[in-house]
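To keep things clear, I will list the structure first and then write my remarks on it.
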There are 2 protein chains.
Amino acid sequence: MVQQDPALALDNQICFALYALNRAVTARYRPLLAELELTYPQYLVMLVLWEHGGDGEPARVSDVGARLRLDSGTLTPLLKRLQARGLLTRQRQANDERVVRLVLTEAGWQLRTLARQVPGRLICGLDVEPQRLIALKQELRSLLVTLENSEPSA
Amino acid sequence: MVQQDPALALDNQICFALYALNRAVTARYRPLLAELELTYPQYLVMLVLWEHGGDGEPARVSDVGARLRLDSGTLTPLLKRLQARGLLTRQRQANDERVVRLVLTEAGWQLRTLARQVPGRLICGLDVEPQRLIALKQELRSLLVTLENSEPSA
DNA sequence: TGGATTCACATTGTGCACAATTAAATTGCT
DNA sequence: AGCAATTTAATTGTGCACAATGTGAATCCA
């Protein structure tokens with residue numbers, strides 16, 4: 001039981017802290033999102049589509065993928081499930097049959113009203129200084145940028 | 001494209017920063033762990049088993065689960081894959097047939113030698129102040145504790 | 001002691017993630 | 001014009017996560 005190598009101690013791995021907290025936070029979202037009948041990744045996709053708006057050109061699958069860092073292998077079936085629920089339509093672009101445009105339906109937009117309550121309710125149940133969360137978010141985002149802009153060397 | 005509700009803006013969600021960074025970090029580990037023919041969750045399980053040591057009683061499935069916050073639905077197939085690779089054995093405890101004890105094989109222990117290089121190589125390729133990572137890790141761990149000790153209220 | 005409860009793990013089913021491949025359409029180049 | 005290269009999604013296959021349920025074993029306890 002004596003750990004001989006601090007470098008391999010689980011509690012010393014940042015990656016594990018990140019992994020465990022991410023799952024714990026997702027678990028917090030789950031009951032809230034269940035009221036919207038959304039999974040957590042589905043919720044993120046809806047955030048992107050709501051943010052993209054209904055005025056300009058509809059978002060493409062690759063737009064959503066670029067925003068969330070997810071590929072079509074993940075998004076295609078997820079989007080089909082959202083479509084099956086009537087939250088959006090997937091239509092091939094006329095002048096370029098390769099691209100699929102994602103258009104929110106009325107139901108998709110209406111879900112936004114319910115979703116508005118989610119962030120607040122989550123923070124409430126958390127009982128943590130908002131400042132602390134904002135600082136953490138900034139740090140996480142900063143590290144993400146660093147990681148994405150550097151080669152995955154050695 | 002104009003975001004009308006800051007509360008729903010993707011970039012304001014801590015959860016997304018956490019989710020995206022976690023996947024980016026896991027992606028960094030992937031090529032390193034591929035040399036050991038381990039996935040990231042498999043690597044975490046091996047860390048637990050190495051840490052548990054070979055002197056006392058072998059770890060139970062539930063011990064690993066408690067440490068990693070994973071249930072048997074995730075661990076059972078994962079452990080069977082590690083067993084199929086010859087890294088460990090799974091044996092029912094004689095005096096309590098409910099319990100499965102996990103014993104590392106010689107190959108399982110030898111893999112530890114290779115694994116020792118992983119954390120260092122990852123940090124190296126990261127090019128971030130170690131202090132910053134340690135501080136972040138502490139913050140993540142602290143929040144995990146807070147989350148686990150509070151009710152998942154509304 | 002016997003019956004209900006709890007415990008430890010396994011199984012089943014759904015939904016991500018991601019690598020690798022495929023396929024169709026567009027663009028670039030000469 | 002015509003062919004290669006690129007772009008955009010979809011498909012296939014593997015491996016987590018996790019809810020729900022099942023199964024057998026141990027425990028509680030009236």
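Predicted, not measured: the structure shown is a model, and the values here were computed from it. Below, chains carry the letters A, B, ... as their sequence lines are ordered, and counting in each starts from 1.
In this structure a side-chain-to-backbone donor-acceptor pair under 3.5 Å is missing from Gln138(B) to Ile134(B). Without hydrogens or angle criteria, Trp50(A) side chain to Gly108(A) main chain gives a donor-acceptor distance under 3.5 Å.
Candidate nucleotides dA19(D), dC16(C), dG24(D) were compared by shortest atom distance to the side chain of Arg98(B), and dG24(D) ranks first. The side chain of Leu78(B) sits closest to dC16(D) out of dA17(C), dC9(C), dC16(D). The Thr76(A) side chain lies nearest to dA9(D) when the options are dC9(C), dA9(D), dC16(D). Closest to the side chain of Val61(A), from the set dC18(D), dG15(C), dA10(D), is dA10(D). For Asp96(B), counting side-chain heavy atoms from C-beta on, the closest listed nucleotide (dC16(C), dA25(C), dA25(D)) is dA25(D). Comparing dG15(D), dC18(D), dC9(C) by their nearest atom to the side chain of Leu70(B) picks out dC18(D). Side-chain proximity of Val99(B) to the nucleotides dA17(C), dC16(D), dC9(C) is greatest for dC9(C). Nearest nucleotide to the Asp71(A) side chain, out of dC18(C), dT11(C), dT8(D): dC18(C).
Heavy-atom contacts from other residues, nucleotides or ligands closer than 6.0 Å to CG of Asp11(B) number more than 12.
Ion pairing between Arg112(A) and Asp5(B) fails under the 4.0 Å rule for side-chain N and carboxylate O. Using a cut-off of 4.0 Å between Lys/Arg side-chain N and Asp/Glu carboxylate O, Asp96(B) and Arg60(B) are scored as not salt-bridged.
Within 4.0 Å of Arg101(A), counting heavy atoms only, lies no atom of the nucleic acid at all. Across all strands shown, Asn95(B) has heavy atoms under 4.0 Å from sugar-phosphate atoms exclusively, and none from any base.
Proximity of Arg60(A) to the phosphate of dT8(D): a side-chain N or O atom is located under 4.0 Å from OP1 or OP2. A close approach under 4.0 Å does occur between a side-chain nitrogen or oxygen of Ser62(B) and OP1 or OP2 of dC9(C). Look at Arg92(B) and you won't find any side-chain N or O under 4.0 angstrom from OP1 or OP2 of dA8(C). Dashed line: the shortest gap from a side-chain N or O of Lys80(A) to OP1 or OP2 of dA9(D) is not under 4.0 Å.
Counting distance only, with no hydrogens placed and no angle test, the side-chain atoms of Ser72(B) and the base atoms of dA10(C) include a donor-acceptor pair under 3.5 Å.
Of the two residues contacting DNA chain C, namely Val100(B) and Gly73(A), the nearest-nucleotide position lying further toward the 5' end is that of Val100(B).
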